[in-house]
Amino acid sequence: MKEGFLIGGGFVIVGLLLQLCMGPVNWDVYRWPVNGLVLAGFLSVIAAIHLLKERVYGLQFVGTYKAAVPALLYAVVLTIVMGLTRQEENGTWLNHMLSFWPFVLIYIYMTVVLGVVILRRLAHLTSWRRDVPFMLNHLGLFLAMTAATLGNGDMQRLKMITVEGGAEWRALTAEQLIVEMPFSIELKEFIMESYDNGAPKRFASVLHIQTKSGKTIDTTVEVNKPAEVEGWKIYQYSFDTQMGGMSRTSILELVSDPWLPLVYVGIYMMLAGAVFMAVKVIGSRLRHATNKARWIYFGIFLFAATFAYFFFSSYNTKTLVPALQSPWFAPHVFVYIFAYSLLAIAAVVAFWKLVDDLVYVSLACMTIGMLFGALWAKEAWGHYWSWDPKETWAAITWFAYLVYVHYRQIPTHKPRLAMWVLLISFALLQMCWWGINYLPSAQGSSVHVYSRE
């Protein structure tokens, strides 16, 4: 894998030079039609690499496990840096990782490798049982990453301050620029319900919306329940906290995301691929295992499911903040803790024997939990992925286990090194699960750090 590490290192060096010469990546430039042209060029490069791989020796390397593992490792390291540093307006390069050229180039390189792998598999399809889950997972990830990145320039996120008794047409950008909307919103009533301890249980806004075409809509928006008008989603963002339940002001967030359908296609493909992979691995193991081995696996899965159930049940006695009151809460938490339990067992067993089946099932469950979280976040906050500190460490953990899975596919891999990759990945998982609550980079900036009473 030396070539892979050299290539990745080259991208990091080139990225640093670009950062020095050009400054950070300006994502505002990549709006339609520029992002459409970039996408066409990007797909052409991937196709050219695939077509020329037999003629150019260096291109044969792209799309192999020995290229994928170093690319994933570079992504893990740079994302760890992102997870340890507060991402804010003022600061160094490391405080703006999303516009840091080495970070961007490594992710682009990783996506190129992914694209070449997809074309290579398409050219050599053999069995639907083997190829379908592979294509669902890999093509789904490619679509989601590419569409989310290039579509970011076309996404609009605006704030609108509405006051009872008056219609509002204007919204504000993050730079406090005024944007006139194609509809007006009038706040009819602000509703707030509280727990006995005074913590907010629910807050919502009763709205009267009128479009320029004369269409009127009466609706109520609250956390996890947005409204949709003229291609815009309207989210309950905040209110006058000093007035509390007596607030006559409601702050709404308005989001337009034209690339969302393509992102959702990728997400649902990955969900299907993860379920397919988990069922396939479990079915294969139980079908070919001895009776004793079947009981062992049954016991492991039962333990993980029981632990996940009791962990989830512990929340039922707590006062959940409005963001957690969602149908997505139960499946998101349960499937993640189930995966964490299996990975804990895999980490222990790794000292004696590598158990790839447990890792495959756990990775599938982690993927499902992460995608459930993305769909939930879109309904709650208007974005499926914002590189919140918790999301950042979830990505780190996910990529780390991908490193293990791909490294194990290399015929010349070293089992002892694979064991250490598995153990390091489990250590990173601990940071994602509970360590994030103590990181300075997450305090006051992560919507995932909740106080429970």
Side-chain angles (χ1 to χ4, degrees), residues 3-4 7-8 10-12 14-15 18 22 25-72 74-75 78 98-99 101-125 131-155 257-273 367 371 374 384-385 395 399 402 406:
E3 294 90 344
I7 292 172
F11 278 114
V12 171
V14 170
L18 289 172
M22 300 175 55
V25 179
N26 182 10
W27 289 108
D28 290 336
V29 174
Y30 299 96
R31 295 179 178 176
W32 188 263
V34 174
N35 49 10
L37 296 174
V38 171
L39 176 60
F42 184 62
L43 295 177
S44 298
V45 168
I46 293 174
I49 292 174
H50 174 70
L51 293 173
L52 297 175
K53 67 180 185 299
E54 301 298 334
R55 300 181 182 181
V56 181
Y57 171 76
L59 300 182
Q60 295 178 9
F61 177 77
V62 181
T64 65
Y65 289 115
K66 293 182 179 180
V69 170
L72 286 167
Y74 275 107
L78 287 171
L98 291 180
S99 59
W101 274 104
F103 181 89
V104 173
L105 290 182
I106 285 296
Y107 270 79
I108 291 175
Y109 172 55
M110 184 172 63
T111 310
V112 169
V113 173
L114 179 62
V116 174
V117 167
I118 292 169
L119 290 180
R120 181 171 296 181
R121 178 57 67 92
L122 282 173
H124 300 89
L125 295 176
D131 296 322
V132 169
F134 181 94
M135 293 304 300
L136 286 172
N137 283 312
H138 289 75
L139 184 55
L141 178 60
F142 182 86
L143 286 174
M145 288 182 61
T146 305
T149 302
L150 292 177
N152 187 59
D154 292 327
M155 180 185 290
D257 189 357
W259 291 64
L260 181 61
L262 189 56
V263 176
Y264 271 3
V265 169
I267 288 176
Y268 285 116
M269 286 180 67
M270 291 179 66
L271 277 172
T367 303
L371 296 177
Y384 36 79
W385 194 270
F399 282 134
L402 284 180
H406 287 80

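For the pair Ala144 and Ile267, the tightest heavy-atom approach, listed with the atom from each and the gap, is CB-N, 4.4 Å. Pairing each heavy atom of Leu98 with each of Val104, the nearest pair is O-CG2, 3.4 Å. Among all heavy-atom pairs drawn from His406 and Leu402, the shortest one is ND1-O, 2.7 Å. Nearest heavy-atom pair, Gly4 versus Pro70, reported as atom, atom and distance to 0.1 Å: C-CB, 3.5 Å.
By the side-chain contact (heavy atoms from CB on, under 4.5 Å) test, Ile118 is found to be paired with Leu114, Leu122, Met135, His138, Leu139, Phe142, residues two or more places apart in sequence or in another chain being considered. Trp101 meets the side chain to side chain donor-acceptor pair (under 3.5 Å) test with no other residue; sequence neighbours excluded. Evaluation of the ring-ring contact (aromatic ring centres under 6.0 Å, His included) rule for Phe11 yields Tyr109 as partners, not counting sequence neighbours. Remark: Asp154 engages Asn35, Trp259 in a side chain to side chain donor-acceptor pair (under 3.5 Å) (not counting sequence neighbours).
Between Met269 and Leu143, the closest side-chain pair of non-hydrogen atoms falls below 4.5 Å. Side chains of Ile106 and Val12 form a contact here, defined as non-hydrogen atoms less than 4.5 Å apart. Side-chain contact between Met110 and Tyr74 is absent, with no heavy-atom pair separated by less than 4.5 Å.
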Checklist entry - Could you walk me through whether Phe103 and Val25 pass the side chain to side chain contact (heavy atoms under 4.5 Å, CB included) check? => result CA-CA 10 Å; Phe103 181 89; Val25 179; over 6 Å; no
Checklist entry - Going through the checks in order, is the side chain to side chain contact (heavy atoms under 4.5 Å, CB included) test met by Tyr384 and Leu260? => result CA-CA 9 Å; Tyr384 36 79; Leu260 181 61; 3.4 Å; yes
Item to check | Step-by-step side chain to side chain contact (heavy atoms under 4.5 Å, CB included) determination, Val117 to Phe134 | outcome: CA-CA 10 Å; Val117 167; Phe134 181 94; 3.4 Å; yes
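Here the CZ atom belonging to Phe399 is positioned 11.5 Å from the CG atom belonging to Leu78, to the nearest 0.5 angstrom. Note that the OH atom of Tyr264 and the CG atom of Asp257 stand 8.5 Å from one another [nearest 0.5 Å]. Distance check: Met270 CE to Thr367 OG1 gives 5.5 Å after rounding to the nearest 0.5 Å. Rounded to the nearest 0.5 angstrom, Leu371 CG and Leu271 CG are separated by 4.5 Å. With rounding to the nearest 0.5 angstrom, the OG1 atom of Thr146 is 7.0 Å from the CD1 atom of Ile46. For the atom pair OG (Ser44) and CG (Leu51), the distance works out to 10.5 Å, reported to the nearest 0.5 Å.
For the pair Asn137 (side chain) and Pro133 (backbone), a donor-acceptor distance under 3.5 Å is present.
Counting only residues at least two apart or in different chains, side chain to side chain donor-acceptor pair (under 3.5 Å) contacts with residues 51-67 are absent. For residues 26-56, the set of pairs meeting the ring pair (Phe, Tyr, Trp, His ring centres under 6.0 Å) definition, not counting sequence neighbours, comprises Trp27-Tyr30.
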